[in-house]
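Atoms considered below: every heavy atom in the structure, side chains included; atoms not considered: hydrogens, waters and symmetry mates.
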Amino acid sequence: MILGSRILLVAALLLPGSGAAIGLGAQQRTGAGGDSVVVDRIVAVVGSKAILASHIEERLLQEFPQGKGLPGTPDSLKALKKDLLRLLINEELMVQEAGRDTTIKVLDDDVTKSVDALIKSTRAKYPSEDAYRRDIRTSGFETPDEYRSWLTEQQRRALLRRELLSKQRGKGSLKPVSPTEKEIRDYYERNKRYFPPRGSTISFQQIITQPPAKAEAKARAYAIADSILTELRKGGDFAAAAKRFSMDPGSKEAGGELGWMRRGQNLDQHFEDAAFSLRPGVVSDPVETAFGYHLIQVERSQPAEVQVRHILIMPVLDSTDADSAARVARNIHDAIEHGASFDSLQRIWHDKTEEKELVGFPFDSLPASYHDALEGVAVGKISLVFLLPAPGDPLRSKRVILKVTELLPAGPVRYEDVKEQIRSGLSEELTQQRYIDKLRAATLVEVRSG
């Protein structure tokens with residue numbers, strides 16, 4: 001999102017009082033005496049589309065729920081509204097460009113799913129239906145249906161912009177723009193008041209060992225995956241097979257659905273290579289990763305992005321496999337205690353499906369097993385070996401050894417805490433802005449003062 005006044009990496013469309021706000025449902029506001037007064041006027045024209053003053057008010061409600069955090073001076077509020085108008089113009093330019101591209105389609109089903117998820121998460125924040133409806137009315141909507149209608153249009157526009165940018169990336173039209181160190185520092189100084197205070201954080205390296213599957217168990221897993229593949233290629237239903245056979249608890253009940261994936265999105269390289277080589281509807285041969293064997297089906301594809309399902313068949317483990325992982329972990333711990341290099345042992349033994357290092361992680365957000373293992377461990381020291389439980393299959397539980405590299409107490413956010421976040425956000429902003437500038441040069445844009 002292109003807005004220089006705050007970091008807005010994700011635009012939330014939620015109700016006020018729940019972390020963000022929905023927009024105005026009408027083009028009126030209540031005056032000081034309780035009467036409704038019309039405040040709308042055209043503030044800009046993009047092509048043939050007018051942008052209204054009420055649209056800026058809507059966005060103010062989104063970004064500053066119930067007015068919290070709004071600038072306190074008339075000049076700063078005016079500058080903020082100017083930024084918001086620029087944002088609305090940019091968004092309209094992208095929506096119109098997407099509308100002119102006949103290859104860009106946003107399906108009603110995708111919009112409905114997105115809206116349903118937003119409304120569900122929003123409604124869950126309220127203690128009762130009455131409280132939910134009251135907040136809707138406070139924001140200018142008479143009924144939940146009116147709110148849904150407004151939100152549906154907002155999500156449709158957001159998905160059009162996403163599809164447009166995704167296509168431009170795929171064509172290589174969005175050349176990355178890197179911000180300078182000065183731009184990053186200046187952004188931090190301008191916006192540091194918007195960052196919430198930092199809680200206590202911890203940084204650590206870890207070595208995680210997983211139980212190794214025997215060769216015979218891997219061969220049996222492959223044979224099962226291959227037999228499922230045979231039935232699928234005879235016309236079997238992939239989603240039904242996933243619900244019946246897949247051993248991935250996160251996607252099994254959804255028919256193996258993994259959603260949209262981009263290249264380089266922390267996927268196993270073998271899985272990624274297979275997924276991006278498939279035509280929609282085709283099922284891959286069994287693909288081996290550290291988890292087991294996958295059958296992969298691409299549902300839809302677009303440049304640099306695929307929507308995929310999979311079926312995972314994992315080799316069966318026994319108690320000797322679990323004991324082996326525990327024994328290896330104990331030996332690693334003892335070796336480190338006697339002076340062996342943590343980094344060297346990590347390169348040899350660490351489970352490559354797990355993170356090697358976490359930096360600046362909120363201590364209070366650690367999983368219980370990590371929190372307990374790290375309590376009282378000083379910087380530069382290692383934890384005892386502890387268990388990383390595998391839900392539903394204790395034999396797949398992994399063993400973990402941690403080395404604490406930094407402990408920071410709670411306090412204000414420092415530049416170094418958010419530098420990379422700002423760099424990433426600014427890079428995306430500058431990259432998009434360069435593309436939008438080209439759209440603007442080719443479109444009639446009139447900004448009206450007053």
Side-chain angles (χ1 to χ4, degrees), residues 1-14 18-21 59-60 62-73 76-77 79-84 86-87 90-91 121 158 161-162 165 169 174-206 262 264-266 354-367 370-371 374 379 402-436:
M1 191 162 289
I2 315 300
L3 178 58
S5 59
R6 305 176 69 208
I7 286 189
L8 299 172
L9 303 182
V10 179
L13 295 172
L14 305 177
S18 64
R59 193 53 63 94
L60 279 174
Q62 288 178 24
E63 309 302 348
F64 300 91
Q66 300 174 338
K68 295 178 181 177
L70 273 174
T73 66
S76 56
L77 181 58
L80 173 59
K81 288 186 176 182
K82 184 177 179 181
D83 280 338
L84 288 172
R86 180 167 61 90
L87 170 62
N90 288 343
E91 290 180 353
S121 65
R161 297 195 304 270
R162 189 195 76 171
L165 292 173
R169 286 192 182 92
L174 287 182
K175 302 297 183 184
V177 179
S178 299
T180 65
E181 183 70 23
K182 183 178 185 302
E183 287 174 323
I184 298 171
R185 173 69 73 172
D186 288 348
Y187 191 97
Y188 168 75
E189 295 298 335
R190 288 196 311 269
N191 299 286
K192 59 185 177 183
R193 60 188 172 133
Y194 296 116
F195 291 100
R198 185 194 70 242
S200 59
T201 62
I202 187 168
S203 301
F204 58 84
Q205 297 173 283
Q206 59 183 358
R262 296 184 61 80
Q265 196 179 51
N266 298 321
E354 302 283 357
E355 295 282 353
K356 295 173 63 175
E357 181 177 22
L358 288 177
V359 177
F361 197 89
F363 195 86
D364 291 341
S365 299
L366 289 167
Y370 276 74
H371 192 282
L374 286 165
V379 173
L402 305 172
K403 179 182 178 182
V404 177
T405 55
E406 185 180 53
L407 289 168
L408 286 176
V413 169
R414 307 169 306 165
Y415 175 64
E416 53 267 34
D417 296 330
V418 292
K419 178 180 177 180
E420 292 309 313
Q421 177 188 354
I422 294 173
R423 184 194 304 278
S424 175
L426 274 181
S427 176
E428 178 66 14
E429 179 177 316
L430 294 170
T431 300
Q432 289 186 26
Q433 190 60 57
R434 178 178 289 180
Y435 172 64
I436 291 168

Ignoring hydrogens and geometry, is there a side-chain-to-backbone donor-acceptor pair from R434 to P176 under 3.5 Å?
no
What are the two closest heavy atoms between P196 and V413, and how far apart are they?
O-CG2, 2.9 Å
Should Q421 and F195 count as side-chain neighbours, where that means a heavy-atom distance under 4.5 Å?
yes
Apply salt bridge (charged side-chain N to carboxylate O under 4.0 Å, His left out) to the pair E181 and K419, showing each step before the final yes or no.
CA-CA 9 Å; E181 183 70 23; K419 178 180 177 180; 3.3 Å; yes
Keeping S203 on the side-chain end and G360 on the backbone end, is there a donor-acceptor pair under 3.5 Å?
yes
Could you measure the distance from the CD atom of Q206 to the NZ atom of K356? Nearest 0.5 Å is fine.
11.0 Å
If you measure from CD on E428 to CG on L165, what distance do you get to the nearest 0.5 Å?
7.0 Å
Ignoring hydrogens and geometry, is there a side-chain-to-backbone donor-acceptor pair from T431 to V177 under 3.5 Å?
yes
Do you know which two heavy atoms are closest between H371 and L366, and how far apart they sit?
N-CB, 4.0 Å
Minimal non-hydrogen separation, V404 against L407, with atom names
CG1-CG, 4.0 Å
Decide, yes or no, whether a salt bridge links E429 with R86 under the criterion of side-chain N to carboxylate O below 4.0 Å.
no
Worked verdict on R185 versus I422 for side-chain contact (heavy atoms from CB on, under 4.5 Å):
CA-CA 9 Å; R185 173 69 73 172; I422 294 173; over 6 Å; no
Checking side-chain contact (heavy atoms from CB on, under 4.5 Å) for the pair Y370/F204: CA distance, chi angles, key distance, verdict?
CA-CA 11 Å; Y370 276 74; F204 58 84; 3.8 Å; yes
So which heavy atom on L84 is nearest to which on L60, and how close?
CD1-CD2, 3.4 Å
Output the distance between atom CG (L358) and atom OG1 (T201), rounded to the nearest 0.5 Å.
11.5 Å
Step by step, would you call R59 with E91 a side-chain contact (heavy atoms from CB on, under 4.5 Å)?
CA-CA 12 Å; R59 193 53 63 94; E91 290 180 353; 3.0 Å; yes
Just wondering, do E183 and L430 contact through their side chains at under 4.5 Å, heavy atoms?
yes
Applying side-chain contact (heavy atoms from CB on, under 4.5 Å) to K192 and R414, what does each step give before you reach the verdict?
CA-CA 8 Å; K192 59 185 177 183; R414 307 169 306 165; over 6 Å; no
Check R423 with E420, please: is the shortest side-chain N to carboxylate O separation under 4.0 Å?
yes
As an exercise, state the distance from CD1 of I202 to CG of L408, rounded to the nearest 0.5 Å.
10.0 Å
Would you check if I184 and Y415 make a side-chain contact, meaning some heavy-atom pair closer than 4.5 Å?
yes
Closest heavy-atom pair, R190 versus R193, reported as atoms and distance to 0.1 Å, is O-NE, 4.2 Å
Where P412 and D417 come nearest, the two heavy atoms and their spacing
O-OD2, 4.3 Å
